[in-house]
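Here's the structure, in structure tokens; my notes come after.
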Amino acid sequence: MAAPKRGRSASAQSRPGRSLALILIAIVALTGGMFLSGHTTPRLGIDLAGGTSITLKAKADQGSAINQANMDTAVDIMNRRVNGLGVSEAEVQTQGRDHIIVNIPKGTNSKEAQQQVGTTAKLYFRPVLASEPSGATPASPSPSASSSGGASPSPSGSSKEKASSSSSASPSASATSQGRAVTDALKADASPSGSSSPSASSSSGAKSSASPSASASGNPDTARLQAQYAALNCAKPAERAKAGTNAKPGDPTVACGQRDKTWYKYLLGPAGVDGTEVKKAQAIFDTQGGSGWQVQMTFTKSGSSKFADITGALAKNQSPQNEFGIVLDGEVVSSPYVQSAITGGQAEISGSFTQDEAQSLANMLSYGALPLSFSEDTVTTVTAALGGEQLRAGLIAGAIGLALVVIYLIAYYRGLSLVAMASLLVSAILTYVIMALLGPAIGFALNLPAVCGAIVAIGITADSFIVYFERIRDEIREGRSLRPAVERAWPRARRTILVSDFVSFLAAAVLFIVTVGKVQGFAFTLGLTTVLDVVVVFLFTKPLMTLLARRRFFADGHKWSGLDPKSLGAKPPLRRTRRPAGPAAGPVDPKEA
């Protein structure tokens, strides 16, 4: 028979203080982080703390039918927009055939979420044919488009405003020259080659000196669009809302954009690149160029080729025909100028964004456009009165359950109940602190199902202690003293505890993946507390039992220790005997080996 590995067992038995010190350090560090972050209580879900409920109605005005597939796609996109990791407890679900309900809990930026949730995020890159301010003209340079990873990156500048637009870079771009540019750009765009070659129209607009009246001679659409541009006043909200409505991607249009608190109007050519060809968008902070927060875009293969073509063509023109307008939902959010073709499939939108603005834009571009457009039917505020009563009822039920568990432990395990209660206290502290930290970190919100998950965890944690205690009692019944019984019982108890917790965690993980909304809160809490149960049992309960086994109260089997050999019906102590030599030796009990 192989000799037992006594070195490792002795080391683990003689140094339980290390494990206890480790978990104590973890508790102190997490608690300190909780107080330093300023979030000393878990963030509550909409059913406990109240929030905003938005009802959206679908409209089939984008060429898509209102059916279950499109509604499910819209719910999925909205969920990702407002839920992030899926545990912020913002609920998005369909109601009826053409309605979607969005519940945003208190503590979330409900205004920003309300703006994002139903936004179609239609993005187009259109060449700028003409632009001018609708009011006073501030003298400031146009923003630039820069390449990230391209073969010939152009120098990058930034505008002074989030919704950046452009003014003329030279004093020669007067109102008269703007009018001539408008006229000739529209005439060129009306030609068969105008839609496919924005550079030609822009170039002719920059060099021609035709009179404004010439635009009306030949194409009534050209005259109508020029009249719209001339009459457009972007300083008026009503006109901004109507600018460029129902414009097709392949047609020129007018639009508005804001810079330095001044609204500009734009005449834009046909779209050169569609927003669906943006593969990825993310907010980054430019530490080298000093332009602050930017939105970095990565194009698909086809989008990269188109973007390189249009920027290469625009780079040959004069201002403002060397600019392209980044049009999001009909508004020009930036109009950077181009100095050279942007290749490599990456570009940045810059314009002195704040962090929230850059992340909001990147969020909408990354998650794409909704298959349907939506209008807000109702926006209501949800009170937490009913949820507060339910929370109190749930906490009372949890307290009663915990009290019953404690009474049972004291009555059945007596002194061992101190170990169980101390372990439950450590588990409760870790659960509370981690929940408080997860609120600002990943948007976790504690709702009623999550409270139920925490209450269920009491039973799971207590079950682990009971398994270990019963294994120790079994060893004592076999006649062993407490110190070896604690060490011999641990491997078998550890295996049972790990298997049990793995099954619970697997069930929680599957439930979290296949469900949404409040049920995810239950699954997340159950999985978290199951993991913490393993941590507490390994780093606290087992080392604490090793230390207590050295105390006479437990080692001598005091009747109030819960480990009294007499009350447990222990056998006489095991004695080692020498095995007789030779074939005459009878069968030997394996326990004596």
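Values reported hereafter were calculated over all heavy atoms of this structure, with side chains retained and with hydrogens, waters and symmetry mates removed.
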Dump the intermediate steps for salt bridge (Lys or Arg N to Asp or Glu O under 4.0 Å) on E487 and R480, then the final yes or no. CA-CA 11 Å; E487 300 305 321; R480 293 181 178 86; over 6 Å; no
Looking only at atom types and distance, does a side-chain atom of S500 sit under 3.5 Å from a main-chain N or O of T496, one as donor and one as acceptor? no
Looking only at heavy atoms, which two atoms of [X] and [Y] are closest? And how far apart?
X: A549; Y: R483; value: O-CG, 3.4 Å
X: A420; Y: F469; value: CB-CE1, 4.0 Å
X: V419; Y: M545; value: CG2-SD, 3.9 Å
X: F554; Y: L416; value: CE2-N, 4.1 Å
X: D533; Y: S464; value: OD2-OG, 2.7 Å
X: D377; Y: K57; value: OD1-CB, 3.7 Å

Hey, what do you get for OH (Y432) to OG1 (T41), rounding to the nearest 0.5 Å? 5.5 Å
Is it the case that the side chains of D501 and T530 hold a donor-acceptor pair, with the cut-off being a distance below 3.5 Å and no angle test? no
Go through the steps to decide whether K59 and F374 satisfy the test side chain to side chain contact (heavy atoms under 4.5 Å, CB included), and finish with yes or no. CA-CA 6 Å; K59 298 186 296 183; F374 291 85; over 6 Å; no
Would you list the pairs meeting side-chain hydrogen bond (donor to acceptor under 3.5 Å, both in side chains) in which at least one residue belongs to residues 413-429, sequence neighbours left out? Y413-E470, S423-T541
With T431 as partner, the option from T461, T529, V426 fulfilling side chain to side chain contact (heavy atoms under 4.5 Å, CB included) is T529
Considering only residues two or more places apart or on different chains, which pairs with a residue in residues 479-502 satisfy ring pair (Phe, Tyr, Trp, His ring centres under 6.0 Å)? Y468-W490, W490-F538
One thing to verify: whether R488 and E478 come together as a salt bridge, which I'm taking to mean a side-chain N less than 4.0 angstrom from a carboxylate O. no
Please test K280 against Q282 for side chain to side chain contact (heavy atoms under 4.5 Å, CB included), starting from the C-alpha separation and ending with a verdict. CA-CA 7 Å; K280 181 183 178 182; Q282 60 180 347; 4.1 Å; yes
